[in-house]
Amino acid sequence: MSVPLIQQWESEQDRLRQQLLDVDSEDWQTRPDFSGLERVGGVDLSFIKGDDVNACAQLVVLSYPQLEVLYEDSQMVALTAPYVPGFLAFRETPFLLEALERLKKKQPSLLPQVVFVDGNGLFHYREFGLACHLGVLSGLPCVGVAKNLLQVQGVAKDEQHQSQINALQKGGDSFPLVTTSGKVLGKALRSSDESKKPIYVSVGHMISLDTAVRLTHSCCRYRVPEPIRQADCRSREYLRIRFPAADT
DNA sequence: GCGACAG
DNA sequence: ATCTTGTCGC
């Protein structure tokens with residue numbers, strides 16, 4: 001990747017980070033049962049096997065706490081930016097924002113009160129991952145959920161990390177992801193009693209880490225929070241039907 | 001040179 | 001992200 005572009009992206013992350021809010025700013029967030037929360041969103045992008053340009057951008061809105069799909073939007077898009085570790089937002093955010101705009105225009109009453117994002121938030125090399133990026137640009141509370149650990153600022157998947165994972169007894173148990181400087185950038189969460197491998201939760205925007213973890217756990221029927229899982233399943237289904245086997 | 005590398 | 005079957009257990 002060209003160095004100038006990376007530097008431009010870095011400064012853009014620095015600029016947007018100044019607008020990030022990492023505290024609970026909504027009333028429902030501080031209530032024990034999240035009463036007042038009625039709609040949770042999920043976004044994701046799915047690709048066709050040998051094509052890293054064309055993808056299906058997906059937005060779903062589920063009811064809370066029932067977690068039933070209220071809204072679904074699948075849209076084929078052509079990505080322009082390449083995937084560069086640490087800069088995922090520049091590749092995906094534009095299309096996720098477009099999906100939110102379509103919803104706002106067609107059915108504003110269904111806008112989600114919080115959006116689950118497939119990727120990290122503050123748990124990021126420069127503390128500004130995809131979930132933060134989408135949060136700041138959309139003005140919506142966002143939670144970052146990564147399925148794999150990103151090795152950030154001293155946080156590594158060593159035997160120490162593995163033993164902490166083994167110590168997670170049941171769904172809801174978690175441990176902090178602490179930086180070399182002692183800063184907590186996220187938490188590893190055992191999302192259900194059945195799943196051994198944790199998910200990595202971090203603040204995206206307009207929510208505190210503890211609330212993000214508690215909310216995430218309350219949205220998990222399986223390992224991945226339902227909003228993200230539905231967005232993933234439905235975008236794949238969309239591609240499966242529209243772009244069948246590319247064999248002979 | 002070696003290992004890491006969200007999606 | 002995607003490439004991919006079976007297997008074990010409730």
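Chain letters run A, B, ... following the sequence lines, proteins first, then strands; residues in each count from 1. Hydrogens, waters and symmetry mates play no part in the numbers below; they use all other heavy atoms, side chains included.
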Practice task
Ignoring backbone atoms, test whether A/K49 places a side-chain nitrogen or oxygen under 4.0 Å from the OP1 or OP2 oxygen of C/dT4.
Solution key: no
Practice task
Could you tell me whether A/D44 and A/R234 have a side-chain N and a carboxylate O separated by less than 4.0 Å?
Solution key: no
Exercise for the section: Determine which bases of DNA chain B form Watson-Crick or G-U wobble pairs with both distances under 3.5 Å, and write the result as a 5' to 3' dot-bracket string with | for other-strand partners. Expected result: .......
Fill in the blank from the handout: Tested for side-chain contact (heavy atoms from CB on, under 4.5 Å) against A/T211, the lone hit among A/V213, A/L209, A/I207 is A/I207
Exercise for the section: Pick base, sugar-phosphate or nothing for A/F47, based on heavy-atom distances below 4.0 Å to the nucleic acid. Expected result: sugar-phosphate
Handout entry: Residue-phosphate contact under 4.0 Å: A/R236 side-chain N/O, C/dT2 OP1/OP2
Key = yes
Practice task
Compute the centroid of each ring, for A/H161 and then for A/F175, and state whether the two points are separated by less than 6.0 Å.
Solution key: yes
Exercise for the section: Establish, from distance only, whether the side-chain atoms of A/Y238 and A/S46 form a donor-acceptor pair under 3.5 Å. Expected result: no
Fill in the blank from the handout: note: A/F243, atom CZ; C/dA1, atom C1'; distance rounded to Å ~ 16 Å
Handout entry: Passing candidate, side-chain contact (heavy atoms from CB on, under 4.5 Å) with A/F123, options A/L149, A/V201, A/V203
Key = A/L149
Exercise for the section: Starting from the C-alpha separation in whole Å, work towards a yes-or-no answer on side chain to side chain contact (heavy atoms under 4.5 Å, CB included) for A/V145 and A/V224. Expected result: CA-CA 8 Å; A/V145 178; A/V224 175; 5.6 Å; no
Problem - Rounded distance in Å - CG (A/N54) to C1' (C/dT2) - result: 15 Å
Practice task
Please find the earliest and latest nucleotides of DNA chain B, in the 5' to 3' direction, that have an atom within less than 4.0 Å of any heavy atom of chain A.
Solution key: B/dA4 to B/dG7
Problem - Pair A/Q153-A/T180, side-chain donor/acceptor within less than 3.5 Å - result: no
Problem - Electrostatic pair A/D232-A/R229, nearest N-O below 4.0 angstrom - result: no
Practice task
With a 4.0 Å heavy-atom cut-off, tell me which residues in residues 112-146 of chain A come close to DNA chain B, sorted by residue number.
Solution key: A/D118, A/G119, A/N120, A/H124, A/Y125, A/G129, A/L130, A/A146
Handout entry: Check: A/L96 and A/H133 side chains under 4.5 Å, non-hydrogen atoms
Key = no
Handout entry: Euclidean distance for C1', B/dC5 against C/dT2 (whole angstrom)
Key = 16 Å
Practice task
Check the pair A/V155 / A/V178 against side chain to side chain contact (heavy atoms under 4.5 Å, CB included), numbers first and verdict last.
Solution key: CA-CA 7 Å; A/V155 181; A/V178 188; 5.8 Å; no
Exercise for the section: With heavy atoms under 4.0 Å as the rule, sort A/D44 into base, sugar-phosphate or nothing. Expected result: sugar-phosphate
Handout entry: Nearest-angstrom distance, P atom, B/dG1 to C/dG6
Key = 42 Å
Exercise for the section: Take atom CG of A/D51 and atom P of C/dT2, then tell me their distance rounded to the nearest Å. Expected result: 12 Å
Handout entry: Contacts of A/N148 that satisfy side-chain hydrogen bond (donor to acceptor under 3.5 Å, both in side chains) - sequence neighbours left out
Key = A/K197
Under 3.5 Å donor-acceptor pairs involving side-chain atoms of residues 103-120 of chain A, not counting sequence neighbours:
| unit_1 | atom_1 | unit_2 | atom_2 | d |
| --- | --- | --- | --- | --- |
| A/Q113 | OE1 | A/E38 | N | 2.7 |
| A/Q113 | OE1 | A/R39 | N | 3.0 |
| A/Q113 | NE2 | A/G36 | O | 3.0 |
| A/D118 | OD1 | A/K147 | NZ | 2.9 |
| A/D118 | OD2 | A/K147 | NZ | 3.4 |

Practice task
To the nearest Å, give me how far apart CG (A/L239) and C1' (C/dT2) are.
Solution key: 11 Å
Handout entry: Atom CG of A/N54 with >12 non-hydrogen neighbours under 6.0 angstrom
Key = yes
Handout entry: A/L150/A/Y200 under side chain to side chain contact (heavy atoms under 4.5 Å, CB included): CA gap, chis, key distance, verdict
Key = CA-CA 9 Å; A/L150 184 62; A/Y200 300 93; over 6 Å; no
Completion exercise
Encoded 5' to 3' (Watson-Crick or G-U under 3.5 Å; [ ] crossing; | other strand), DNA chain C becomes ..........
